[in-house]
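For reference, the structure discussed in these notes is given below.
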Protein chains: 2
Amino acid sequence: MNAHPVDAEPLLTPSEVATLFRVDPKTVTRWAKAGKLSSIRTLGGHRRYRESEVRELLNGIPQQRPSDG
Amino acid sequence: MNAHPVDAEPLLTPSEVATLFRVDPKTVTRWAKAGKLSSIRTLGGHRRYRESEVRELLNGIPQQRPSDG
DNA sequence: CGAGAGTCGGGTAATTTGGGGC
DNA sequence: ATTGTCCAAATTACCCGACTCT
């Protein structure tokens, strides 16, 4: 039962981010610890990552245009 | 389980690509530097290659090969 | 509460990086 | 011009036990 129209940003789990980068979930944790990636923590201490943040990192630059010189 | 619909592209490690081409990982890195192969970098600086990209190169270019000569 | 999967944290081996020389 | 190999440093992957999440 979760239906609250609040500004909830799409979050990803360490495993999800790890799959996107083809690395281990542990490595993603290292990035968060290194401050290379923004991390949101659950009340239990687990980390969660912003999908938009990861997307930008994957592409290097989010604003990529096809007709860009 | 997590239910996060994220479309992740199959990525390969330098070692995997090197094995497919029967060359050294170092050589694969040279190809990436030469722009002959697209590369995605992890936050740590390591490179990841697209499986589809490598497959195309291995097959010559086409993505599918219904018949082999 | 009970059960399964995922994540955390620490430590060590393997892999990858970048440059130089043949 | 391209590939394989050497050196040192950095990053990543795997192992174990305990906790958290659904």
_Most 5' of B:Lys36 and B:Gly45 on DNA chain D, judged by nearest nucleotide_ = B:Lys36
*Phosphate OP1/OP2 of D:dC21 contacted by A:Arg47 side-chain N/O (<4.0 Å)*: no
*Considering heavy-atom distances to DNA chain D, does A:Pro25 or A:Leu43 have its closest nucleotide positioned more toward the 5' end?*
A:Pro25
*A:Trp31 side chain N/O closer than 4.0 Å to the phosphate oxygens (OP1, OP2) of D:dT12?*
yes
*Rounded to the nearest Å, what distance is computed from the OH atom of residue A:Tyr49 to the P atom of nucleotide C:dG6?*
16 Å
*Report yes if at least one side-chain N or O of B:Thr29 is closer than 4.0 Å to OP1 or OP2 of C:dT17; otherwise report no.*
yes
*Under 4.0 Å between a side-chain N/O of A:Thr13 and OP1 or OP2 of C:dG6, yes or no?*
no
_Contact under 4.0 Å: A:Thr42 side-chain N or O vs D:dC21 OP1/OP2_ = yes
*Candidate nucleotides C:dT17, D:dA13, C:dT7, ranked by approach to the side chain of A:Arg30 - the nearest*: D:dA13
*asked:* Looking only at the side chain of A:Val23 (C-beta and beyond, no hydrogens), which of the listed nucleotides C:dG6, C:dG19, D:dA13 gets closest?
replied: D:dA13
*Are A:Thr27 and D:dA13 close enough that a side-chain N or O sits under 4.0 Å from OP1 or OP2?*
yes
*Out of D:dC14, C:dT16, C:dG19, which nucleotide sits closest to the side chain of A:Lys26?*
D:dC14
*Please state how far atom NE2 in A:His46 lies from atom P in D:dC21, giving the value in whole angstrom units.*
6 Å
*Whole-Å distance between D:dT11 P and B:Arg48 CZ?*
14 Å
*Any side-chain N or O of B:Arg41 under 4.0 Å from OP1/OP2 of D:dT12?*
no
*Could you give the CG-to-C1' distance, from A:Asp24 to C:dT7, as a whole number of Å?*
12 Å
